[in-house]
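The block underneath contains the structure these notes are about, expressed in structure tokens.
Worth saying up front: this structure is predicted, and the values here are computed from it rather than measured. Counting starts at 1 for both ligands and their atoms, following the listed order.
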Amino acid sequence: MRILVIGSGGREHALLTGLKADPSVTDLHVAPGSPAHAQVATVHPEYSQVGDPARMTELAVDIAADLVVVGPEVPLVNGVADALRERGIAVFGPSASAAQIEGSKAFAKDVMSAAGVRTARAEQIAPGAAEADIESALDRFGPHYVVKDDGLAGGKGVVVTESRAAARAHVDAVLAAGNPVLLESFLDGPEISLFCLVDGETVVPLLPAQDHKRAYDNDEGPNTGGMGAYTPLPWLPEEGVQRIVDEVCTPVARELVRRGTPYSGLLYAGLAWGAEGPAVVEFNCRFGDPETQAVLSLLKSPLGQVLNATATGHLAELAPLQWQEGFAVTVVLAAEGYPASPRKGDVITSPDLQDPTRILHAGTALKEGAVVSHGGRVLNVLGHGATLDQARAAAYEVLDSIELEDGFFRTDIGARAARGEISI
Ligand code: GLY
């Protein structure tokens with residue numbers, strides 16, 4: 001099977017590494033990819049417009065791809081999967097209509113309401129709203145205030161704050177950018193990322209994970225795309241995943257089928273598990289980053305065959321997924337200034353830089369033969385172990401070996417779970 005992966009970050013490095021290990025995958029390509037991906041795939045840096053359906057289809061046709069796996073959300077929301085399917089190419093990723101589950105938070109709320117799925121109460125503020133309407137909308141929420149950019153913001157458009165002034169400042173910033181704002185009620189309880197393979201009404205969950213969204217230890221600092229994750233969740237009861245599938249993912253998949261926009265690909269449910277059970281914080285239409293790096297590192301089933309079965313409408317016939325025992329942790333090494341204005345171009349060294357079982361490259365480039373930082377989230381370091389503590393220790397041991405001037409990472413990824421401090 002010849003596979004083209006679209007994207008360039010750590011999530012795509014994890015996908016490529018998993019696909020490379022599948023004996024049915026004979027040829028791997030990535031667009032635009034990064035120099036680090038050249039280790040496992042043919043890289044196509046000239047195809048950098050990943051949001052352009054015509055350009056991505058041109059490459060897929062040119063290399064005669066049997067399957068295209070789309071990493072980020074922008075190509076999906078822009079209709080890359082639709083364009084590929086029109087050309088008869090199998091694609092892992094939803095149509096533009098179904099990708100609205102991430103592309104428009106108002107659409108996601110509407111689907112959840114119709115499907116009877118528990119989620120936060122929400123109100124939209126449109127650009128041009130009157131001052132009095134903005135203030136009275138804020139009066140009806142918070143604290144805590146949850147203020148979201150109602151568009152694609154790469155996980156960075158959300159501010160959760162007890163401060164009315166900070167909430168108002170984010171409302172103003174989003175409106176000034178011409179986007180609508182979504183105000184939401186605050187959902188209490190530990191967060192869960194559950195990724196499900198979805199093929200129409202067939203829903204197959206992967207291992208549950210937990211992301212750490214704030215930049216600094218103890219959940220302090222600004223929201224980021226994610227600073228680290230662990231999987232599975234020792235505090236989630238055995239029936240927890242099935243409850244999320246039954247109460248959240250399957251009803252949403254059925255509702256999308258009912259609307260004539262069936263989902264095909266990866267449905268990412270971001271949840272908070274409160275007193276009444278799981279409630280949806282957000283949906284994404286693709287693999288999450290950095291949870292994927294940990295989750296896929298424990299998958300024993302052949303990834304290419306799993307994604308192909310989903311893409312070609314055969315998910316219901318797929319054998320049950322097989323997983324390695326134990327835990328996986330991924331810790332993000334970020335560049336100085338992330339998330340506001342990360343510094344690029346600093347040299348990175350480590351004996352493990354070329355070992356994708358320990359280090360996946362999220363934002364690196366090559367400069368005069370040296371690996372240098374090239375994004376906010378630079379590396380995703382992996383650790384595995386029979387216990388969560390052992391997996392954490394393994395990841396932090398790798399981090400000890402890495403040099404990146406002024407780079408930083410959270411030291412508490414998975415720590416509260418390992419100490420038994422999370423319960424539902
Ligand atoms: N882990 C957050 C995201 O992928 O959006």
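Residue-ligand proximity, G288 to ligand 1, at heavy-atom distances under 4.0 Å covers atoms 4 (O). With ligand atoms numbered from 1 in the order given, ligand 1 contributes 1 (N), 2 (C) to contacts under 4.0 Å with heavy atoms of G225. Within ligand 1, the atoms closer than 4.0 Å to a non-hydrogen atom of D211 are 1 (N), 2 (C), numbered from 1 in the order shown. Under a 4.0 Å criterion applied to the non-hydrogen atoms of N284, ligand 1 contributes the atoms 5 (O). For ligand 1 and K213, the ligand atoms under 4.0 Å from any heavy atom of the residue are 2 (C). Near Y268, meaning under 4.0 Å from any of its heavy atoms, are these atoms of ligand 1: 1 (N), 2 (C), 3 (C), 4 (O).
Contact annotation: for R286 versus ligand 1, heavy atoms closer than 4.0 Å belong to the side chain alone.
At least one test fails for R410 against the ring of Y216: distance under 6.0 Å to the centre or angle within 45° of the axis.
Taking the six-membered ring for Trp and thresholds of 30 and 60 degrees, H37 and H13 have ring planes inclined between 30 and 60 degrees apart.
Between P180 and P127 there is a side-chain heavy-atom pair separated by less than 4.5 Å.
Heavy atoms of other residues, nucleotides or ligands lying less than 6.0 angstrom from NE2 of H374 number 12 at most.
Exactly one of L233, I424, I422 qualifies for a side-chain contact (heavy atoms from CB on, under 4.5 Å) with W273. That residue is I424.
Salt bridge annotation for D355-R358: present, with a cationic side-chain nitrogen under 4.0 angstrom from a carboxylate oxygen.
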